[in-house]
Amino acid sequence: MRINREKRGPGCGEFADEAAMDRALVEAGLGTCNDCRGLDEPRCVEVCPGDLMAVHPETGAVYCRSDADCWDCFACVKACPRRAILVRLPYELADYRAALIPRVHKNSITWSLVKPDGEIETFEVVTRKER
Amino acid sequence: MDEIVRENLDCDILIIGGGTTGCMAAVEALEREPSLRVIVLEKAHVDRSGCLAAGMNAINAYLNPGETPESFTRYVRADNRGLIREDLVLSIAELLNSTVARVESWGLPILKDADGNYRRRGRWNIRINGESLKPILAEAARKAGARILNRVVATNYLVDGGQVIGAMGFGVRDAKFYTITAKATICCTGGASGIYRPNNPGAAAHKMWYPPFNTGAGYAMGLRAGAEMTSLEMRFIALRTKDTICPTGTLALGFGAKQVNSLGEEFMVKNFAELGGNGAPTPYRVYGPIREMQLGRGPVFMDTRHLSAEKARNLRAAYLDMYPNIVLYWAANKFNPSREPVEICGTEPYIFGGHCQAGYWIDVKRRTTLPGLYAAGDVAGGAPYKFVSGCWAEGIMAARAAANECAKTPRADSKQVHDEADRVFRPIRRTAAGCGGIAPSEMEARLQKVMDEYAGGVKTYYEMNEASLKVAAEQVERIHRQVRYLLANDPHELMLAHEVIDRVEVSRALVQHLLYRRETRWPAYQTRIDHLELDDINWLKFVNSRQGPSGEIRIIEREYEQIVAGDRYRG
């Protein structure tokens, strides 16, 4: 789980592929976390089925209590109003780095799959009958 | 810790668990009788809790044209090696299609062909776009008028003279102690993962198929209250994609992928032709590939190399409705299913009644052996192959019975409430007092190690014998005696502490069930290496159990009854 707080994307852009990926992340809609200030509870904290997203008692910043306990259900990612949460697969399983960013609409989701070379593939998935 | 803040509530029907089953039960109860006061107790948030948090891409228990409740029951019976509660499965089958239509009317998109018929994905399956299945169910429960208490963990039933009259628990956000009295209580907590060591270690430990947050609370509460459980020994071991542990039905039924070993052999066809090859009963479809690995012919794969680029894209889209992380994983590792086959594995064993039949022993109305308590969905036993739609059907039946049989106004016993509050908050109290002790994660690791190594986990290719199970029993008892030393710094850790307590409780009964059935009825799910034959003469019966007042597990045998005529091993 990675909560994005940088405007340019989470990498430092030292290498060409990293810079391409950062540009792609911004293009795919990655935003920055504002801790849902003004809401009783940040959306990700409200919805996480494992009670893993929390507000830090001292800084007020949203954080994940334990990446190892995350189920990768994407509930927080979809609920985030600023698209600022990225599921980061454990390195034990997957290369550094690709990203999957959903734009949630009323009756569908547009998923942007950002590949390690910066290519973006999109998928449109219906989630509800017309309403 | 400061003085415990209490919240006392009263209702007509208390539903414990707001997942697949609980939401449907709430809607059914309130549509039948809008004046009922229904409370749904949910440990997470109903919008994304339980098995459907990420969504579903198919309904897997549906009577497609030409099928009947009897043909469904015959199939489920054969798939589960001739031993199921046929009365329960028949009653589910009768409700499957109307229930699916009901959820469709709430907004679930179901894929249709040019003539407007549901698109099939196998004999009992239809394709859906179910990413929002859980929010749709939660919205229906809210609209029906259920009072939903999110972030409250149930810890024990309130019992009055053997009658269940509600439940107790604590708030994960407010740290309050909840006492909820109810005229009828429906347990819909789901089953248990995390009993065995998971496939992936360390940072990837929760890349599992069954929700890591379904921790056996319903079973543990039932055991502690003396409810009868059935078939815990019929564990579910799922055939899943390696690493990401995603469902393979999408590959097999949706995209025609066959299982192959590292020699390229279709081993299911080669070794299990008489049982149906690729269509062999579900336990064999995991036992088959495990055996290939054991015999040195692994890794094993689902062969997707026949997929065109367009089909491979459709496959990824189908996974986005249910397990988006496999799409991310394939992209990160530059994996292309059109060029390479998808590696598969068996999961750690899970305990639940939605695919297999571990759970409360219930009658056809979904009444447990404790008056006032009903059970439905994954926590209810005897009726495998229910999946999402069958859980809905059971939720409906439990709600109907509960609404009709509401008892008189209950009153909580103050000593019971006091003792439970003391037990519930002990880990926080001990930590605050500076006591040493055991972190929930430490106890979880020890339990999982014991179960993995001695009670048929991944490590032993799911095999076990009497000697190893006796070691497991002894070790689990040791852990059980130490739960009083658990520590918790805050309400989140308190939840983790009670999750591991409940898993230990379930493991105690599970090991006794595994010891008792001295045959191998379900290979891989329950491979007794010292009793490898299926033995209908001695073991065509249910192994049940009940925890006695001093905590001992008593085994009870229950008869099997054949209701639907025909060969029990042909579906």
Side-chain angles (χ1 to χ4, degrees), chain A residues 40-41 43-52 54 57 65-79 86-102 104 106-111 113-117 119 121-131, chain B residues 43-45 47-50 52-55 104-111 129-136 150-151 172-173 200-208 211-213 242-244 313 316-318 320-321 323-334 441 491-493 495-496:
Chain A
D40 289 346
E41 198 169 52
R43 296 285 185 219
C44 57
V45 176
E46 182 180 42
V47 81
C48 174
D51 189 35
L52 299 173
R65 297 179 204 267
S66 166
D67 282 355
D69 286 344
C70 172
W71 190 34
D72 288 352
C73 73
F74 280 72
C76 59
V77 177
K78 292 169 190 165
L86 291 172
V87 167
R88 185 185 165 174
L89 293 171
Y91 189 69
E92 284 166 68
L93 306 185
D95 282 1
Y96 174 77
R97 61 200 172 107
L100 189 54
I101 301 176
V104 179
K106 197 171 160 202
N107 298 320
S108 66
I109 293 181
T110 310
W111 291 92
L113 178 63
V114 182
K115 300 178 184 180
D117 57 5
E119 187 203 333
E121 185 178 4
T122 58
F123 297 84
E124 190 77 21
V125 177
V126 175
T127 55
R128 302 232 189 185
K129 286 171 29 178
E130 284 302 319
R131 55 177 168 164
Chain B
K43 84 176 198 182
H45 188 289
D47 277 354
R48 292 284 179 187
S49 60
L52 301 179
E104 186 182 24
S105 78
W106 297 343
L108 173 68
I110 303 184
L111 275 62
N129 280 129
E131 186 282 332
S132 289
L133 192 44
K134 192 64 217 298
I136 289 169
N150 289 314
R151 304 288 173 195
V172 186
R173 288 281 180 276
N200 294 305
H206 275 185
K207 309 308 164 227
M208 53 177 66
F213 316 118
K242 184 89 184 343
D243 291 351
T244 47
R313 191 178 142 82
R316 289 183 294 151
L320 286 173
D321 274 350
Y323 273 81
N325 74 335
I326 195 171
V327 179
L328 181 59
Y329 169 84
W330 284 350
N333 290 338
K334 299 192 172 71
S441 59
H492 176 75
E493 287 184 11
M495 178 176 78
L496 299 182

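Throughout, a chain's letter reflects where its sequence line sits, starting with A, and its residues are numbered from 1. Please read all numbers here as calculations on a predicted model, not as lab measurements.
Of the two parts of K134(B), neither the backbone nor the side chain holds a non-hydrogen atom closer than 4.5 Å to a non-hydrogen atom of chain A. Residue contact with chain B, scored on non-hydrogen atoms closer than 4.5 Å, is absent for V104(A). For E130(A), no part lies under 4.5 angstrom from a heavy atom of chain B. Neither the backbone nor the side chain of E119(A) has a heavy atom closer than 4.5 Å to any heavy atom of chain B. Residue contact with chain B, scored on non-hydrogen atoms closer than 4.5 Å, is absent for S108(A). Interface remark: N200(B) contributes side-chain atoms only to the contact with chain A (heavy atom separation under 4.5 Å). Looking at V172(B), only its side chain comes within 4.5 Å of chain A, counting heavy atoms on both sides. Interface remark: D243(B) contributes backbone and side-chain atoms alike to the contact with chain A (heavy atom separation under 4.5 Å). For a residue to count as touching a neighbouring chain, one of its non-hydrogen atoms must lie under 4.5 Å from one of that chain's; by this rule V125(A) touches chain B with the side chain only.
For the atom pair NZ (K78(A)) and CG (D47(B)), the distance works out to 12.0 Å, reported to the nearest 0.5 Å. Between the CZ atom in R128(A) and the CG atom in L133(B) there is a gap of 10.0 Å [rounded to 0.5 Å]. The distance from atom CD1 of I109(A) to atom CG of D321(B), rounded to the nearest 0.5 Å, is 8.0 Å.
Scanning all heavy atoms of the two residues, the minimum distance from S132(B) to T127(A) falls at OG-CB, 3.4 Å. Taking both residues in full, the closest heavy atoms of A44(B) and C48(A) are given as CB-O, 4.3 Å, listed atom of the first, atom of the second, then distance. Closest approach of W71(A) and H206(B) over heavy atoms only: CD1-O, 3.2 Å. The shortest non-hydrogen separation linking L93(A) to K207(B) is CD1-CG, 3.8 Å. Nearest heavy-atom pair, F74(A) versus N325(B), reported as atom, atom and distance to 0.1 Å: CE1-N, 3.9 Å. A331(B) and P116(A) make their closest contact through O-CD, 3.5 Å (heavy atoms, listed as atom of the first residue, atom of the second, distance).
Put simply, the side chain of D51(A) reaches to within 4.5 Å of the side chain of R173(B), judged on heavy atoms. L52(A) is listed as a side-chain neighbour of F213(B), based on a closest heavy-atom distance under 4.5 Å. C73(A) is not listed as a side-chain neighbour of R48(B), based on a closest heavy-atom distance of 4.5 Å or more.
A donor-acceptor pair is defined here as one N or O able to donate and one able to accept, closer than 3.5 Å; no such pair exists between the side chain of K43(B) and the backbone of G50(A). Side chain of R151(B) to backbone of E46(A): a donor-acceptor contact under 3.5 angstrom is found. At least one donor-acceptor pair closer than 3.5 Å links the side chain of N333(B) to the backbone N or O of D95(A). A donor-acceptor pair is defined here as one N or O able to donate and one able to accept, closer than 3.5 Å; no such pair exists between the side chain of H45(B) and the backbone of V47(A).
With chain B as partner, the option from N107(A), D67(A), L89(A) having the largest number of non-hydrogen pairs under 4.5 angstrom is L89(A). Ranked by heavy-atom pairs under 4.5 Å with chain A, the first of P201(B), G55(B), A332(B) is A332(B). Residue with the most contacts toward chain A among L320(B), L496(B), N129(B), V327(B): L320(B) (heavy-atom pairs, distance under 4.5 Å).
Heavy-atom contacts from other residues, nucleotides or ligands closer than 6.0 Å to OH of Y96(A) number more than 12.
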